[in-house]
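Note sheet for the following structure.
Note that the structure is a prediction, hence the values are computed from the model and not measured.
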Amino acid sequence: MSIKGTEEGIMENETEERGDESSMKSFLWHGGSVYDAWFSCASNQVAQVLLTLPYSFSQMGMASGVVLQILYGFMGSWTAYLISVLYVEYRSRKEKQNVNFNNHVIQWFEVLDGLLGPYWKAIGLTFNCTFLLFGSVIQLIACASNIYYINDKLDKRTWTYIFGACCATTVFIPSFHNYRIWSFLGLGMTTYTAWYLTIAAIVHGQVEGVTHSGPTKLVLYFTGATNILYTFGGHAVTVEIMHAMWRPRKFKYIYLLATLYVFTLTIPSAISVYWAFGDQLLTHANAFSLLPNSPWRDAAVILMLIHQFITFGFACTPLYFVWEKVIGMHETNSILLRAVTRLPVVIPIWFLAIIFPFFGPINSAVGALLVTFTVYIIPSLAHILTYRSAYSRLNAAEKPPAVIGGWRGAYVVNVVVVVWVLVVGFGLGGWASMTNFIKQVDTFGLFAKCYQCPPPRPHH
């Protein structure tokens, strides 16, 4: 019996799961199908980034914006495919040694460890955890930045305190199987917001004397480019989402389909908002801040808030898993015990969100310094190294598709991705986004009370 045979056998045993539980609970809570994974990927890919894409377009101009979105979208799908291949390889090697993964969530660093050894594990763990940490920080900042447009009686910092407390409740959600209803709703919310931005901008029409001067400065150009790289680098959680599927093999196409759907949200909304407001966006990182106040806008803000709460959970859950494994609580069944042990993870996130409230610039900084390695460079290098010997290529659990030219084609694509991302993403993008980030610190200071707020209106 081939590896494939045994693996499918194992998968089928998993599928005949707890069928007797009430169907409503399983519909809302236990998700492991292909559709769930698609919803998780698509809803996890665009959240608050949607609001900063018009800002990126104003930094780099319309044409570059669209071309780079498409380029990074496909690049992201390619590395997500690599991650899924490496996961299946790791899992099939382990299952040949009769390892059982029933109560254990496989994570990316364990895949690297199993295939390439402890040094790779350390690198993967460092980058991944830092990325997810800042990903969660960005969600918190975004919450405060958005709610401010509905209720500006409190400043953004106070809102960050409040949302930090709310987001701490994610410690009660055990794993990704339990996110089914949330990712479904999340995608609905993002879709509504994207089309609201598109339609509102078109209805509003162009501002008087609108100018579209981007790109003017190299710093801004590469800051914008890196934000787009960050947008399509949402798959640091790919492995955990995949582990939550009953048949992880099907994952490889899902990411591409999710990306194609995401294009229908990100491209029209960024184009129309930039068309309407032009250069004003350079000082307004959050697209909500320019659109006129209306019930539609309030609805979009509220939906984005709920969505950010969900995304916070998505970014934090893998961190919880790592932390549980460190202190040896990962196999515990008690939800309460696990929730208590997870709290130390939330507190530093809260603190960082209060220190650096720079919504927009922080996305680019994280994109250049962390996403480049976590999502693009490490998976490509890991794939090259895992299959460097003829023996490992012969016994590979998953062969590269013929479309790109088999092993040789895959090798070329990997090298191109590594070089491109190192030079453009990390090199130029890192320089640009750090310059921009430092400028924000100089302008607004750390612990800024109210970042990019309009001056207060006089009360009559």
Side-chain angles (χ1 to χ4, degrees), residues 41-42 44-47 49-50 52-84 131 194 212 214-215 218-236 238 252-274 363-381 383-384 400-401 403-405 409-433:
C41 286
N44 196 22
Q45 210 170 0
V46 281
V49 166
L50 205 58
T52 60
L53 285 173
Y55 165 67
S56 298
F57 269 47
S58 70
Q59 292 171 324
M60 54 200 303
M62 197 85 83
S64 298
V66 176
V67 170
L68 279 173
Q69 274 201 39
I70 292 168
L71 174 79
Y72 284 134
F74 286 120
M75 243 191 215
S77 302
W78 169 252
T79 52
Y81 161 73
L82 297 182
I83 292 175
S84 70
F131 169 48
H212 297 88
L218 273 180
V219 173
L220 293 179
Y221 187 86
F222 287 109
T223 307
T226 322
N227 191 28
I228 291 178
L229 179 132
Y230 169 81
T231 309
F232 293 99
H235 44 283
T238 308
K252 51 183 190 255
Y253 308 111
I254 290 174
Y255 205 84
L256 184 62
L257 295 173
T259 304
L260 294 176
Y261 178 72
V262 166
F263 282 153
T264 67
L265 304 180
T266 54
I267 295 177
S269 64
I271 288 179
S272 53
V273 175
Y274 180 50
N363 297 25
S364 298
V366 170
L369 306 179
L370 299 170
V371 177
T372 45
F373 286 98
T374 313
V375 175
Y376 297 97
I377 296 174
I378 294 176
S380 305
L381 286 177
H383 190 265
I384 292 174
V403 186
I404 56 155
Y411 184 79
V412 172
V413 176
N414 283 338
V415 171
V416 169
V417 168
V418 170
V419 173
W420 172 271
V421 173
L422 253 183
V423 175
V424 177
F426 177 67
L428 296 167
W431 159 74
S433 53

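Between Leu256 and Trp78 there is no side-chain heavy-atom pair separated by less than 4.5 Å. Counting only heavy atoms from C-beta outward, the side chains of Gln59 and Asn227 never approach each other to under 4.5 Å. When side chains are defined from C-beta on, Leu220 does not count as touching Pro215, because their heavy atoms never get closer than 4.5 Å. Residues His383 and Tyr81 have side chains not in contact (no heavy-atom distance under 4.5 Å, counting atoms from C-beta outward). At least one side-chain heavy atom of Phe232 sits under 4.5 Å from a side-chain heavy atom of Thr266. Put simply, the side chain of Tyr230 does not reach to within 4.5 Å of the side chain of Thr52, judged on heavy atoms. Contact of the Val415 side chain with the Ile384 side chain is registered, since non-hydrogen atoms from C-beta on lie closer than 4.5 Å.
Counted by atom type alone, Thr259 and Ser77 present one or more donor-acceptor pairs between their side chains at under 3.5 Å.
Interatomic distance, Phe426 CZ to Ile377 CD1, rounded to the nearest 0.5 Å: 7.5 Å. Rounding to the nearest 0.5 Å places CD1 of Ile378 at 11.5 Å from OG1 of Thr79. One distance of note links CG of Leu218 with CG of Leu428; it measures 8.0 Å at 0.5 Å rounding. Here the CG-CD1 distance, from Asn414 to Ile404, works out to 8.0 Å after rounding to the nearest 0.5 Å. Here CG of Leu53 is found 11.0 Å from CD1 of Ile271. Values are rounded to the nearest 0.5 Å.
Closest non-hydrogen pair, Ser269 versus Ala194, comes out as CB-O, 3.5 Å. Between Ser380 and Leu82, the closest heavy-atom pair is CA-CD1, 3.7 Å. Of all non-hydrogen atoms in Tyr274 and His212, the two that sit nearest each other are O-NE2, 3.0 Å. What you find for Val219 and Thr223 is that their closest heavy atoms are O-OG1, 2.6 Å. The two atoms that bring Leu369 and Gly430 nearest to each other are CD2-CA, 4.3 Å, heavy atoms only.
No more than 12 heavy atoms of other residues, nucleotides or ligands sit less than 6.0 Å from atom OH of Tyr411.
Ser364 places no side-chain N or O within donor-acceptor distance of the main-chain N or O of Ser433, the cut-off being under 3.5 Å. Not a single donor-acceptor pair under 3.5 Å links the side chain of Tyr255 to the backbone N or O of Ser84.
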In residues 417-424, what donor-acceptor pairs under 3.5 Å come from side-chain atoms, sequence neighbours left out?
from   : atom 1 : to    : atom 2 : distance (Å)
Trp420 : NE1    : Tyr72 : OH     : 3.4

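Looking at residues two or more places apart in sequence or on another chain, you find a side chain to side chain donor-acceptor pair (under 3.5 Å) between Tyr221 and Ser64.
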